[in-house]
Number of protein chains: 2
Amino acid sequence: MEEFLNERFQEVLHCIIEEYIVTANPVGSKFIAGKCSLNLSSASIRNIMASLEEKGYIHQPYFSAGRVPTSSGYKFYINSILKTKKISKQQKEEIRSSFNISGRDIKKILWQAVHLLSEISHYMPIVLAPERTYANLLHIEFIKLDKSNLLVVTVFDGGIVDNKIIGADRDYTQAELSKYSAKLNEIINGHNIDELKDVILKGIDKDRESFFSLLNGIIFNFDLVKNKIENEDDYLYIGSRMNLFDEPEFSNYEKIKSLIKAFEDKKTIIKLLELAKQKEGIHIFIGSDTEWSDINGLSVITASYHSKKGFAEGSIGLIGPSRMNYAMAIPAVNYMAKLLCDII
Amino acid sequence: MEEFLNERFQEVLHCIIEEYIVTANPVGSKFIAGKCSLNLSSASIRNIMASLEEKGYIHQPYFSAGRVPTSSGYKFYINSILKTKKISKQQKEEIRSSFNISGRDIKKILWQAVHLLSEISHYMPIVLAPERTYANLLHIEFIKLDKSNLLVVTVFDGGIVDNKIIGADRDYTQAELSKYSAKLNEIINGHNIDELKDVILKGIDKDRESFFSLLNGIIFNFDLVKNKIENEDDYLYIGSRMNLFDEPEFSNYEKIKSLIKAFEDKKTIIKLLELAKQKEGIHIFIGSDTEWSDINGLSVITASYHSKKGFAEGSIGLIGPSRMNYAMAIPAVNYMAKLLCDII
DNA sequence: ATTAGCACTCTATATTATAGAGTGCTAATA
DNA sequence: TATTAGCACTCTATAATATAGAGTGCTAAT
């Protein structure tokens, strides 16, 4: 897919991108001539730049302006040129130790991941909560709210708790409900949602009619829990937007507005992170990629995280300008994903 | 506190504010002369305006510009001039019927209130979740997560559910926990958080040492629940910011940024709504009020809502430009608060 | 193959000019 | 005495113009 670029071309592209990342201003040939390791005059650089432009890696905003990297330019840079900085052991230790995991509350853990990544990167982190399909059910409890409403508390391993209010077909007493809860808990032990429907229907024989509606309620609930975490707030965690707004590309009203609008509807981001979840390791969406065409000028670095059992559980990402500091940001996301694997 | 203004002055102030609310541009004497019901020339209006300015109700951005209302101007307008529009019965019915309260999930209800108020008003609604201090406890349930962690589910009337993971002093079996849960539930029935500590300590005699740490855990939890809902997400609900950003006063980069910054930290808003909660009925914070000095140019209309039992439970608000359409917005907030009273 | 030199293009910024809205004051009017 | 027409004045917002400078592509020389 990607064309071969000789070393000289790569070096020039490299310089342009790294300079653009810092200044956000179009980069001129004179600057490159002075800065980059090739000892060439600005005129030669200009020739190379003209070539790079023809190949689509850089772009002139207008005649006789400097050059700005294109999406393909970034892509090539990331795939072939970029050397990411490793995070020092000391820094790793610092990050890990600032994770306060007392309580094992998944919500808090994810928020902490968001805040930490925000602090490290100065971009906008996003985290998708772990999938529950493969989570093992630990406990189900029915609690009476009133004559016609019951609360179903569903607890999965990893400290994931789901509350759901369902209607009751008749007026159960709490004692009854406790009995049914206990009965169910005997059966469900250690099964995941997918297996559960069968397990339950098999496990219950005689009592079936007596708490049929309860069963229906929770089975319906499983479907909901499995397919989508109902409340977006508990599904997608978004870090501070301020970091993005401080970037020069969003220093005008129209752009900032389009940005806010894009993030107000969380569906785009959710879709992206769900995509990332299915893939192993780091993935990067740049500028006008098909999966991420909504906002021009933004890139997203994503990584999936998963428990030690091995299947995909969730994903974490970092949204920044396309012009973002990939060398720093990629290992940051990567390390945070690893950390989540360890903790969850 | 507020000076007396004769009818003529009031009428001019009225015209200025209502015009400014619509156009967001300084209002000139000529326009007022043509528009308002007083049959006076622009020269006479100018005299009146000069007086109004001296009294502090209006203000000239610069010499020979039109006049803009000040905070005092708005205050006077709201207290003495404004005639709010009543919401038609038909509209009330529409709003009420679009409330989908199946499930009685408090979270969903509050979000719905936010979305509805946003739609009606085109400003930014905020809702503070009901206080739990006076909520009656319905049920407590201990659920085993693993050797050293327990989940405490606390259910209050009104469908409020609180999950909290606490450490265990030893390895309880689920059967044990269920027993303790049942025992506690016998005692707590119908008491509110404030009374609960005593009730529990009195109700448990012999078993006290056997599940002392559990008790400690939940009592500590009560304190948390009572004093503050730990997770801001479950406490404060904020509507779409877009409506605000569409207002002309925020059509420049600096202002929009200060606005975002102000809202990113939810504490200011929470403080305001907690203040509003303690007061009966509608309250309005304008521009540079001491309680709301953070953002110039914004006003907040607040109302407390409460269950039929009568004590304050929560509050709802609407943030808009000071230049907001109070005649429409005040009854909207008021009605929504009433609606919340009915539903909760 | 590389580069110095140069004319050229385009933007960004500052500068100036112009139009118009709104004022305060004064003198005339009812 | 209260009101108003008239007018000079102030200030902003917009447009028009000028200037500087950054960066280019091309050509001819090295």
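Note that the structure is a prediction, hence the values are computed from the model and not measured. Note that these values count all heavy atoms, side chains included, but never hydrogens, waters or copies made by symmetry.
A donor-acceptor pair under 3.5 Å links the side-chain atoms of A:T302 to the main chain of A:H283, judged by distance alone.
In this entry the distance linking OH of A:Y62 with P of D:dG21 reads 15 Å, nearest Å. Taking atom CD1 of residue A:I45 and atom C1' of nucleotide C:dA1, one finds them 14 Å apart after rounding to whole Å. Rounded to whole angstrom, the span from the CG atom of B:L40 across to the P atom of D:dA2 amounts to 13 Å.
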Whenever both distances are under 3.5 Å in a Watson-Crick or G-U wobble pair, mark it; put DNA chain D into dot-bracket that way, with [ ] for crossing pairs and | when the partner is on another strand. ||||||||||||||||||||||||||||||

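Checked by atom type, the side-chain pair B:Y77/B:E18 shows a donor-acceptor distance below 3.5 Å. Between A:E274 and A:S315, the side chains place no donor N or O within less than 3.5 Å of an acceptor N or O (distance only, hydrogens not considered). A donor-acceptor pair shorter than 3.5 Å can be found between the side chains of B:S37 and B:E11. Residues A:Y326 and A:S299 bring a donor and an acceptor atom of their side chains to less than 3.5 Å of each other.
Taking 4.0 Å as the cut-off between side-chain N and carboxylate O, A:E249 and A:K255 do not count as a salt-bridged pair.
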For nucleotides 22-30 of chain D, 5' to 3', base contacts (B), sugar-phosphate-only contacts (S) and non-contacts (-) with protein non-hydrogen atoms under 4.0 Å give -BBB-----

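Close placement of the A:Y57 and A:F76 rings is indicated, their centers lying within 6.0 Å of each other.
Annotation: side chain to side chain contact (heavy atoms under 4.5 Å, CB included) contacts of A:V114 (sequence neighbours excluded): A:W111, A:P125, A:V127, A:Y237.
Within the 4.0 angstrom heavy-atom criterion, only backbone atoms of the sugar-phosphate kind lie near B:N39; the bases stay farther away.
An OP1 or OP2 oxygen of D:dT4 is reached within less than 4.0 angstrom by a side-chain nitrogen or oxygen of B:S44.
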